[in-house]
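Written out below as structure tokens is the structure these notes cover.
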Amino acid sequence: MPVQLLKIGKGNSETLLPRHLQKENLKHLQEGFDHTNKYFQGIVVLSYPLTKLGDGTDFFKVVLQDLDNLYSRTNSINILIHGKMAEDCAKVLHHGDTFIVAGFKLAKSPTAGLDGRHGCHLELSEEAGSAIYIYAKPRTTAASETASLPVAPKYVYTPLNHLKDGTVVNLYGVVKFFKPPYVSKGTDYCSVVTLVDPSNVRLTCTLFNGNVDSLPKIYKVGDIVRFHRIKIREYNGQMQGITGVGFASLTFDGTVGTPVVPRSSSKVYTFMDEEQKTIEELRVWAASNLSISGPAAKLSGVRPMLFFDLTCQLVGKAKVDGSSFLLKVWDGTKCPYPTWKVPVEARDLEGEKVVLHQLRNLTVDVLVYDNHVQLAKSLKVGSFLRIYSIHTKQASAVDEDVSHIEFHLHGGTCYGRGIGVLPESNLDVKELKAFLESVDLADSQNMESMSSVELDSTFNNVTDLESHLQRSQQLPVTVLTDHQDLNNTELKTILNSTAPQQYRIRAKLRTYKPQKLYQSIKLYCSKCNSLQEVPDGDDFDFILQGSAVTAPNPELHNTSWYDSVMWTTQDQKQRKIAIHFVKHDEMLQQPEDTLLMIEGGTLKEVWKLTKRFKCVIPVRSTEDDLVLLDPSAPFLLQGNIKYYGCKQCSTPKPIKSLSSIAAEQRPSWEPTEIAQVLGIVPLQYVFIMKFTLVDATGALNVYLFDYENFFQIPASEILTNNFLQQKMQMTMNMLCPPGRKLDDLPWLECFIKSYNVRDAMKHQVYYQIFDTTVAEDVV
DNA sequence: TTAGGGTTAG
């Protein structure tokens with residue numbers, strides 16, 4: 001750490017210096033003395049303009065006055081600084097600053113007889129391992145600005161794979177895990193933070209401070225931190241970081257493209273353009289190398305038996321007993337299950353009575369235990385919280401017919417369990433506030449009666465299934481979306497008629513194929529009418545590996561419509577990865593609006609990028625342009641969906657064709673539009689199933705060919721969404737309950753059409769379901 | 001000093 005601006009303002013500089021350094025008296029700055037681990041401190045009384053020496057290196061000269069020897073005949077000394085250190089020092093130094101030097105070389109001063117200063121001078125340079133600590137004098141003008149503007153020290157940051165036991169270092173890292181500050185069993189707050197950096201080495205830091213604001217303000221995994229003066233120790237064979245004297249931290253949101261605004265643990269800090277660049281580079285690295293979960297769960301999305309982080313507002317709080325405490329919170333969405341209400345004395349409930357009543361159908365009770373109680377008690381009603389690792393537990397009370405969901409914040413700090421208070425400046429809070437203000441409370445009050453219905457359709461247990469079946473005996477489980485005026489036709493009549501024709505039928509679903517529902521998803525080309533299987537991940541991985549053999553072509557980087565970053569992996573393969581971020585109006589967009597192209601990425605890396613960015617297009621370089629990969633690879637990834645093109649019908653164009661969409665006023669990055677400009681005829685995800693329908697007169701095999709209307713589930717999403725797969729399975733269980741006799745099966749109302757398929761050998765009539773959907777209360 | 005990451009069991 002060659003040049004450090006320790007602090008601006010008053011204070012004791014010694015407490016911030018590395019402990020191994022001892023102060024040296026001016027009188028002892030003589031040849032023959034050992035100055036290792038010594039520092040000299042003086043006030044800057046004179047400095048010369050930064051100049052270059054004959055060999056081109058920078059040179060900066062400073063005169064220091066020794067305050068301890070003010071009345072001596074000789075009380076000043078020349079400091080000669082060479083190289084980059086000279087440049088860095090010249091930028092930040094002001095007269096009157098306290099200047100501390102260590103690791104210097106002492107030599108006879110050739111000008112001692114002329115300037116009346118000390119007989120020796122001190123020489124410093126980065127190469128010689130010198131260190132300079134500048135303890136700035138309070139600035140008299142615009143002091144507050146100076147304090148937060150980049151006044152320019154030069155810190156050295158140690159990569160996590162270069163940490164050594166017993167050192168004090170500065171470092172950057174991406175938060176891989178953290179425990180929000182909690183009350184330790186000692187006297188301090190504690191926060192545990194695990195960092196990782198592009199060296200792929202992890203460092204777990206144990207941070208203590210009596211003042212919770214002095215600990216890093218980390219709100220989520222993926223945040224980036226800058227630690228200054230963290231002690232490194234070895235513990236259990238691994239390096240460990242721990243707070244020591246002078247520890248300070250800055251925390252940044254880790255999302256690529258968001259403003260780089262530090263959250264500081266101290267009032268005064270330095271932050272410069274170069275450090276901004278570091279943050280931006282780490283963001284890009286993290287985006288493709290770390291799995292950072294997507295948007296946090298909302299109450300509307302909770303399911304029983306899971307742990308999740310909830311961003312919410314505190315509406316009320318109450319003591320329950322010695323080891324638990326109640327928090328009433330809301331996030332504007334409605335939990336789809338009945339939620340438990342923790343019984344408390346009305347007089348113990350703190351919060352606006354009117355608000356508590358208004359929000360009664362949207363608030364949930366979170367019971368926090370043990371070590372979290374103290375922090376929970378101190379929370380202010382109205383504040384915004386993130387509660388980490390809440391447990392949703394399904395339970396039934398003795399006097400209840402249906403089960404409910406309980407929210408517990410169990411004791412302990414495993415998995416980062418805890419409570420964090422978010423400031424109103426936090427982007428998630430701003431978003432939440434705007435949403436809360438838009439919530440129509442009249443709607444939520446009408447929802448009271450809805451919970452049990454929603455519960456029925458989502459809880460997958462025998463009782464619920466039974467009640468559905470009883471209902472199914474009376475009403476059809478599918479309904480027509482059109483042609484209501486048509487009369488039903490018996491299956492026998494249909495079988496005896498010529499095609500093509502259209503019919504309304506009432507029948508039961510005896511069986512269906514495929515029984516493994518994921519096998520029903522195919523890719524369909526509406527141009528050539530071909531159907532194909534959805535490629536599996538291995539095919540794509542293989543194509544990616546093949547394309548990574550060719551290194552990105554740097555001549556294609558940073559064009560008028562995209563910015564490029566490239567780096568080399570640190571493993572043995574030394575793989576080169578390039579990411580091209582498409583710009584709009586010459587600016588990068590928010591990640592959720594951004595389309596990027598990646599070269600040289602692995603399946604995992606591509607997949608991770610899709611979690612954070614709107615669109616990802618895997619590409620490779622040619623001499624002249626970026627192009628799409630093999631036509632068997634997806635040409636676009638959006639969210640969980642891979643978009644494929646038809647090999648027969650597509651004529652791929654160079655990637656630069658995309659720039660026309662980038663230039664649009666509001667590029668929507670619709671897959672169909674992207675496909676069109678890239679010369680791709682997109683394949684569509686479809687459900688293809690064969691239903692065997694029966695009525696009193698006969699049986700008929702009917703095909704279901706559906707994008708999303710029948711199940712009200714998009715075929716494109718089913719392969720990557722377990723929840724939707726379960727939902728589809730439950731729907732099929734309703735339509736065709738396993739193990740039932742024909743009489744007990746529910747009725748389906750369908751609209752079908754017959755059509756002819758002829759080839760040289762034979763003629764056949766086929767039947768297909770149309771304009772039919774699963775009834776609303778079955779889904 | 002405290003905690004030193006890897007879910008409670010109310």
Side-chain angles (χ1 to χ4, degrees), chain A residues 160 163 165-166 173-196 201-212 214-216 218 220-223 225 227 230-245 247 290-293 297 302-310 318-327 339-344 365-376 386-398 403-420:
Chain A
L160 299 185
L163 297 174
D165 184 20
V174 184
V175 175
K176 189 165 175 53
F177 166 83
F178 73 105
K179 293 185 176 183
Y182 60 94
V183 184
S184 78
K185 287 176 186 156
T187 58
D188 290 331
Y189 285 91
C190 175
S191 180
V192 175
V193 183
T194 301
L195 304 178
V196 63
V201 167
R202 281 192 205 184
L203 177 74
T204 297
C205 302
T206 314
L207 311 173
F208 296 104
N209 203 296
N211 176 3
V212 71
S214 293
L215 292 170
I218 298 166
K220 53 178 147 188
V221 166
D223 279 354
V225 294
F227 287 170
I230 182 146
K231 269 197 299 195
I232 304 299
R233 290 196 316 207
E234 195 178 317
Y235 175 77
N236 278 347
Q238 283 197 312
M239 290 303 160
Q240 173 195 55
I242 189 154
T243 37
V245 176
F247 170 79
L290 293 185
S291 59
I292 290 154
S293 52
V302 300
R303 279 177 285 146
M305 304 300 283
L306 54 73
F307 291 88
F308 73 108
D309 298 343
L310 179 68
K319 72 164 190 180
V320 178
D321 57 41
S323 68
S324 64
F325 194 83
L326 170 65
L327 300 177
T339 61
W340 73 327
K341 295 293 169 196
V342 178
V344 290
D365 284 8
V366 181
L367 199 54
V368 313
Y369 294 92
D370 306 337
N371 55 316
H372 308 298
V373 170
Q374 187 182 341
L375 199 123
R386 185 163 287 150
I387 310 180
Y388 299 93
S389 209
I390 294 185
H391 184 203
T392 53
K393 187 178 169 188
Q394 189 178 352
S396 288
V398 184
S403 54
H404 62 239
I405 277 204
E406 302 178 352
F407 295 86
H408 298 268
L409 186 73
H410 296 292
T413 61
C414 282
Y415 272 82
R417 195 183 300 129
I419 305 170

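We name chains A, B, ... by the order of the sequence lines, and we start the count at 1 in each one. Values in this document were obtained by computation on a predicted structure and should not be read as measured data.
Using a 4.0 Å heavy-atom criterion, one finds that A/Phe308 contacts no nucleic acid atom at all. Within 4.0 Å of A/Asp321, counting heavy atoms only, lies no atom of the nucleic acid at all. Heavy atoms of A/Thr413 sit nowhere under 4.0 angstrom from any nucleic acid atom. If you check every strand for non-hydrogen atoms under 4.0 Å, A/Ile242 touches a base. Within the nucleic acid shown, A/His391 comes within 4.0 Å of at least one base atom, counting heavy atoms only. Base contact: A/Gly411 has a heavy atom under 4.0 Å from a base atom. Residue contacts shown for A/Thr206 include a base, since a base heavy atom lies under 4.0 Å away.
The ring-ring contact (aromatic ring centres under 6.0 Å, His included) search around A/Phe177 returns none, not counting sequence neighbours. Judged as a side chain to side chain contact (heavy atoms under 4.5 Å, CB included), and not counting sequence neighbours, the contacts of A/Val183 are A/Tyr189, A/Gln374. Partners of A/Asn236 according to the side chain to side chain contact (heavy atoms under 4.5 Å, CB included) rule, which considers only residues two or more places apart in sequence or in another chain, do not exist here. Every side chain to side chain donor-acceptor pair (under 3.5 Å) that A/Asp223 has, sequence neighbours left out, goes to A/Arg263. Residues meeting the side chain to side chain contact (heavy atoms under 4.5 Å, CB included) test with A/Lys319, sequence neighbours left out: A/Phe325, A/Asp348.
Nearest-nucleotide positions on DNA chain B for A/Asp370 and A/Thr187 put A/Thr187 closer to the 5' end.
Running 5' to 3' along DNA chain B, contacts with non-hydrogen atoms of chain A at under 4.0 Å begin and end at B/dT1 to B/dG10.
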Given side chain to side chain contact (heavy atoms under 4.5 Å, CB included), test A/Leu367 with A/Trp340 step by step and report yes or no. CA-CA 10 Å; A/Leu367 199 54; A/Trp340 73 327; 3.8 Å; yes

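Using a 90° window around 0 for the glycosidic torsion, B/dG6 falls inside it and is classed as syn.
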